[in-house]
Protein chains: 2
Amino acid sequence: MWGITPFDSSYDTGCPSISVKWAVSLMTERKVRPQRSDWQRNHKRLVAVAAALVARDGAQVSLEEIAREAGVGSATLHRHFPSRHALLEEVFQDSVAHLRRRAGELADKDPRTALLTWLEELTVAAASTRGLAAVLDAADSTASYSHTCHGIVREATEGLMSRALQVAAVRPGVSPDDLITLVQAISQATEGDPPAAGRLLRLALEGIRHQ
Amino acid sequence: MWGITPFDSSYDTGCPSISVKWAVSLMTERKVRPQRSDWQRNHKRLVAVAAALVARDGAQVSLEEIAREAGVGSATLHRHFPSRHALLEEVFQDSVAHLRRRAGELADKDPRTALLTWLEELTVAAASTRGLAAVLDAADSTASYSHTCHGIVREATEGLMSRALQVAAVRPGVSPDDLITLVQAISQATEGDPPAAGRLLRLALEGIRHQ
DNA sequence: ACCTGAACACCGTTCAAGT
DNA sequence: ACCTGAACACCGTTCAAGT
């Protein structure tokens, strides 16, 4: 609808310079900046409160309570975040960015160690941080867009895995999705018990069978 | 409060035989039998409806809907089943009994094959039957009472595992709880996708690492 | 003793009414 | 354009009132 604007040549207040100034002011001051700052403020508060409450109560925390605690109406929360998952995505954005950086660091190590260390650290991190395991679930990620938490972790895993495959460090026929599902499953089941998460992941890496 | 009853020697209606008959009738006809048949009918209906709706919607199905569908008040459901888990326990009683029988059959095989087959079949079964994975979660089982779904599966796993340990078929340091948690984690994460459940369980059995 | 309707305190979602 | 209160249709739980 930007085709119809006050800047149309048929529109003339007799004081065009002020009109333009007003229009610009409306766009930059009232429409874009202040509303955006409102949005930014609400957005920041919602994500911060959500992070605190998810850490306390887990991924199933009441959205109503998040909105209440952030001092906004629940309708505002739903306007910004169309789904619980959308909010969780933002909550764990930084954590996942940190994990991706860690994957980059590990790329210096030999491919086998790099992948195995990554999988273990990822599992322990997800079990240590309430709600993080939930956000790694492939089913909740609408698609595997690379900017989602799941997508970012998937890409990092793929990178380390492709190098590991070149030195035959991974059993043939295993897909990145298999590994991520396994990590997600273990971390979800051991949420709040990181030692158990590490133990089970190592168990799956080495195999339950002896010899 | 059974210490105080109409049968107390100080209680005399002057027609003791009828009084006793009435009391017996009350206990057997009115109090015990008919109420018990009410209970049995409601109990059976609730469990049957719950089984159908859990199969359709998963473990998080609305209890309200179960009560509605069974034609009882939701208060009646809560009277019979103090928690969602208590209801799920009954829903999967038969499934778990069947699994236990299967574990008994497998005891004929060599210890290594028996345990590995058991773990895979258990995982695939739990991933195939909506809600079953949820009921295997140790956290939801108040204690590891052997009559709970979790307890029964745990006992069966322990039996097969102790034999497998004697022939060193299982990596040292692995506990039955580790195995059950792993099975639960994988089946929960792959609910509705039994092939994926089997693939991931075999992956964990053999190990992700190559060689 | 057992069952139930009703009440209670929630929840997530939507939308007309405000600014 | 954005926010909000209010309404809506739920949910699980509890309990007084019935039989």
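Naming: A, B, ... by sequence-line order, numbering from 1 per chain.
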**Student:** Just distance, no hydrogens or angles: give the donor-acceptor pairs under 3.5 Å from side chains in residues 44-53 of chain B, sequence neighbours left out.
**Tutor:**
residue: B/R45; atom: NE; partner: B/A70; partner atom: O; Å: 3.4
residue: B/R45; atom: NH2; partner: B/A70; partner atom: O; Å: 3.3

**Student:** Does A/N42 place a side-chain N or O at less than 4.0 Å from the phosphate oxygens OP1/OP2 of D/dC2?
**Tutor:** no

**Student:** Would you write out the dot-bracket form of DNA chain C, 5' to 3', with Watson-Crick and G-U pairs under 3.5 Å, [ ] for crossing pairs, | for pairs to other strands and . for unpaired bases?
**Tutor:** ||.|||||...|||||.||

**Student:** Extract all donor-acceptor atom pairs below 3.5 Å that involve side chains of residues 184-199 of chain B and protein atoms in other chains or at least two apart in sequence.
**Tutor:**
residue: B/Q184; atom: NE2; partner: B/A133; partner atom: O; Å: 3.2
residue: B/S187; atom: OG; partner: B/V183; partner atom: O; Å: 2.8
residue: B/S187; atom: OG; partner: B/Q184; partner atom: O; Å: 3.2
residue: B/T190; atom: OG1; partner: B/I186; partner atom: O; Å: 2.8
residue: B/E191; atom: OE2; partner: B/G131; partner atom: N; Å: 3.2
residue: B/D193; atom: OD1; partner: B/A196; partner atom: N; Å: 3.4
residue: B/R199; atom: NE; partner: A/D178; partner atom: OD1; Å: 3.1
residue: B/R199; atom: NE; partner: A/D178; partner atom: OD2; Å: 3.3
residue: B/R199; atom: NH2; partner: A/D178; partner atom: OD1; Å: 3.0

**Student:** Please list, chain by chain and in numerical order, all residues satisfying side-chain contact (heavy atoms from CB on, under 4.5 Å) with A/A103, sequence neighbours excluded.
**Tutor:** A/W118, A/A156, A/L160

**Student:** Round to a whole Å and report the spacing from NE2 of B/H43 to P of C/dC2.
**Tutor:** 13 Å

**Student:** Roughly, in whole Å, what's the span from CZ in B/F81 to P in C/dC3?
**Tutor:** 11 Å

**Student:** Can you list the residues that meet the salt bridge (charged side-chain N to carboxylate O under 4.0 Å, His left out) rule with A/E158, with sequence neighbours excluded?
**Tutor:** A/R154

**Student:** Where along nucleotides 5-19 of chain D does protein come under 4.0 Å, by heavy atom, of base (B) or sugar-phosphate alone (S), with - for untouched nucleotides?
**Tutor:** B-----SBBBB----

**Student:** Quick one: side-chain contact (heavy atoms from CB on, under 4.5 Å) partners of A/A59, sequence neighbours excluded?
**Tutor:** A/L88, A/A134

**Student:** Output every pair passing salt bridge (Lys or Arg N to Asp or Glu O under 4.0 Å) with a member in residues 60-71 of chain B, not counting sequence neighbours, ordered by first then second residue.
**Tutor:** B/R56-B/E65

**Student:** Specify the separation, in whole Å, of atom NE2 of A/H80 and atom P of D/dA1.
**Tutor:** 15 Å

**Student:** Flag the pair A/F81 / A/H43 as yes when their ring centroid distance falls below 6.0 Å, and as no otherwise.
**Tutor:** yes

**Student:** I need the full list of salt bridge (Lys or Arg N to Asp or Glu O under 4.0 Å) pairs touching residues 117-126 of chain B, with sequence neighbours left out, sorted by first then second residue.
**Tutor:** B/R102-B/E121, B/E120-B/R202

